[in-house]
Amino acid sequence: MQKNTNGKTGLFIPGPTNIPDCVRQALNVPMQDMRAPDFGDLTLPLFEDLKKVFKTQTAEVFMFPGSGTAGWESAVSNLFSAGDKVIMSSFGQFSMLWVDMAQRFGLDVHHCEVEWGLGIPHDEYREVLEKDKNHEIKGVFACHNETATGVASDIAALRAILDDLNHPALLCVDAVSSVGSLDFRMDEWGIDVAVSGSQKGLMLPTGLAIVAVSQKAMELRGQATLPRTFLSYDDMMKTNATGHFPYTPATQMFHGLRASLDFIFEEGLENVIVRHTRLAQAVRAGVHAWGLELCAQDPATYSNTVSAIMVPEGFDSAEVAKTAYYKYNMSLGAGLNKVAGKVFRIGHLGDLNEIMVLQALAGAEMAMHDCGIKIELGSGVAAAQKTFINNHAANTNIAA
Ligand SMILES: *Cc1c(COP(=O)(O)O)cnc(C)c1O
């Protein structure tokens, strides 16, 4: 099939996300000397401002060249030793890959395998931690927002379990598709490591793994014996103090990050979170109007950054995404692994507005229609329009 390439390509995947023009322009700067004495003028404020996005006052922030996966690896390799007992859960492609990584590093993983569409199994975590009277479990891992299934789990509730049991394990959270777009509170939720990346809520190209590490975790890292070099927190600390790096950093990315943080603060982080809620509600209203189900089973866990939409039995969601791509010049997220062929995803995070959401819904409707799925054309768009009109009336003071 020939791709239709007129106009702007619709990018409705949950990362990489659309980059605001001001950020794209900020990335276009000449190379500069990363050992210059004043390089810290650019980088030091970034560390401070990232803390605001993670909602932490005391954590150490790291920026590694890499993607979110490198952030995961930094947490495992800097804070644990081979054979350490940890508890993890998988309920989608991303939570599953972090489990696989920890196992490859030789951690002794209590792996809670959860049906895809559900979230963190709090009860099972409680049971396992309660039995661990000698506190042999060193880490509790959790994926805040499972991007493959559109499930956002309650991290505060996980913290409450640890507090209730007085369990000292480190709370390690994948926040790659939540930081900067969902409500995320590192300090309040007692998170010890929060992992993120540049190409989701921060609206940048892929290229930075951004990790925030609590002081408690920083103190314990001396006991952790897994080898780490490129992703070493210690090596970073030595040079980060003056705003420098142990190896050549991606300087353009720092300029882009400066612009994206300014962009977020200009809208206001709380307004960003409200906007994501508003856009997500509209997408869900559209899905409901189509008569389709989300992969996420519990409405309390519906993600405000991505919706995984189940196609009816007998249809292939990959065909829907392929049709949208070639015929309507737009990308929808594919179903990954266990949900391949069963779901397509609409990413609704980052630099996105109401009209773009309507575009995504309209394109998805046409692609589903072309694939023979019985939905009424315009029904999802109309449902979304109604939520926007109603929400706008209710939220004029927030949205203004
Ligand atoms: C995107 C993503 C990752 C990391 O992926 P990279 O491609 O390495 O940036 C990890 N976890 C979640 C939940 C994600 O959405």
Side-chain angles (χ1 to χ4, degrees), residues 3-21 145 147-150 152 177 181-182 199-201 203 272 274-296 302-312 315-336 339 342-371 373 375-392 399:
K3 189 168 178 272
N4 167 6
T5 52
N6 292 112
K8 273 196 180 172
T9 298
L11 187 66
F12 302 110
I13 59 174
T17 63
N18 294 288
I19 302 179
D21 287 345
N145 188 71
T147 316
T149 57
S177 60
S181 32
L182 297 185
Q199 81 276 20
K200 310 254 166 112
M203 308 169 288
V272 171
V274 169
R275 173 169 53 83
H276 280 84
T277 307
R278 188 167 69 238
L279 299 181
Q281 283 167 346
V283 171
R284 291 193 287 265
V287 173
H288 185 72
W290 292 334
L292 299 181
E293 303 282 339
L294 291 168
C295 180
Y302 286 165
S303 166
N304 285 339
T305 53
V306 54
S307 295
I309 299 147
M310 315 259 290
V311 296
F315 293 94
D316 181 0
S317 64
E319 283 301 314
V320 175
K322 198 170 150 190
T323 304
Y325 185 75
Y326 283 110
K327 209 164 161 192
Y328 303 118
N329 192 18
M330 64 182 283
S331 282
L332 297 167
L336 304 174
V339 290
K342 296 184 179 149
V343 309
F344 68 87
R345 295 174 296 156
I346 296 180
H348 33 85
L349 76 161
D351 189 31
L352 203 74
N353 61 26
E354 282 80 354
I355 298 301
M356 292 163 82
V357 163
L358 297 178
Q359 185 190 351
L361 292 171
E365 284 182 355
M366 292 193 288
M368 284 192 286
H369 172 86
D370 291 345
C371 292
I373 299 174
I375 52 132
E376 194 185 326
L377 288 175
S379 60
V381 172
Q385 285 170 323
K386 279 182 199 135
T387 74
F388 288 147
I389 291 165
N390 295 337
N391 260 325
H392 193 73

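- The shortest distance between side-chain heavy atoms of Leu361 and Ile346 falls below 4.5 Å.
- We find the CG-CZ distance between Leu292 and Phe315 to be 10.0 Å, quoted to the nearest 0.5 Å.
- Taking the side chain to side chain donor-acceptor pair (under 3.5 Å) definition, one finds that Ser379 meets it with nothing, sequence neighbours left out.
- Put simply, CD1 on Ile13 and CE on Met330 are 11.5 Å apart, with the number rounded to the nearest 0.5 Å.
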Could you please spell out the steps behind the side-chain contact (heavy atoms from CB on, under 4.5 Å) verdict for Leu294 and Ile309?
-> CA-CA 5 Å; Leu294 291 168; Ile309 299 147; 4.1 Å; yes
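- Annotation: side chain of Met356 is in contact with side chain of Phe12 (closest heavy-atom distance under 4.5 Å).
- For the pair Ala383 and Ala289, the tightest heavy-atom approach, listed with the atom from each and the gap, is CB-CB, 3.7 Å.
- Under the side chain to side chain donor-acceptor pair (under 3.5 Å) criterion, Arg345 pairs with no residue, sequence neighbours left out.
- The side chain to side chain donor-acceptor pair (under 3.5 Å) search around His276 returns none, not counting sequence neighbours.
- Counting only heavy atoms from C-beta outward, the side chains of Leu352 and Asn18 approach each other to under 4.5 Å.
- The list of salt bridge (charged side-chain N to carboxylate O under 4.0 Å, His left out) pairs with a residue in residues 351-370, not counting sequence neighbours, reads Arg278-Glu354, Lys327-Asp370.
- When every heavy atom of Pro16 is checked against every heavy atom of Leu11, the shortest pair comes out as O-CD2, 3.5 Å.
- Looking only at side-chain heavy atoms (C-beta outward), Val357 and Phe388 come within less than 4.5 Å of each other.
- Atom SG of residue Cys295 and atom CE of residue Met310 lie 6.0 Å apart, to the nearest 0.5 angstrom.
- Thr305 and Ser181 get closest at one heavy-atom pair: CG2-OG, 3.5 Å.
- With a 6.0 Å radius and a threshold of 12 heavy atoms from other residues, nucleotides or ligands, Glu293 has its CD atom at or below the threshold.
- Nearest heavy-atom pair, Tyr325 versus Ser331, reported as atom, atom and distance to 0.1 Å: CD1-OG, 3.5 Å.
- Under the 4.5 Å side-chain criterion, counting only non-hydrogen atoms from C-beta, Asp316 is not in contact with Val311.
- Rounding to the nearest 0.5 Å places CG of Asn304 at 9.0 Å from CG of Leu279.
- Residues Val306 and Ser177 are not in side-chain contact: their nearest non-hydrogen atoms beyond the backbone lie 4.5 Å or more apart.
- Residues Ala321 and Leu332 share a closest heavy-atom pair of CB-O, 4.3 Å.
- The salt bridge (charged side-chain N to carboxylate O under 4.0 Å, His left out) contacts involving residues 5-17 comprise nothing, where partners must be two or more places apart or lie in separate chains.
- Panel note: side chain His369, backbone Ile375; no donor-acceptor pair is recorded below 3.5 Å.
- Contacts of Gln199 classified as side chain to side chain donor-acceptor pair (under 3.5 Å), with partners at least two apart in sequence or in another chain: none.
- To the nearest 0.5 Å, the span separating CG on Leu182 from NZ on Lys200 amounts to 12.0 Å.
- The minimum heavy-atom distance linking Ser303 with Ala280 is given by the pair O-CB, 4.1 Å.
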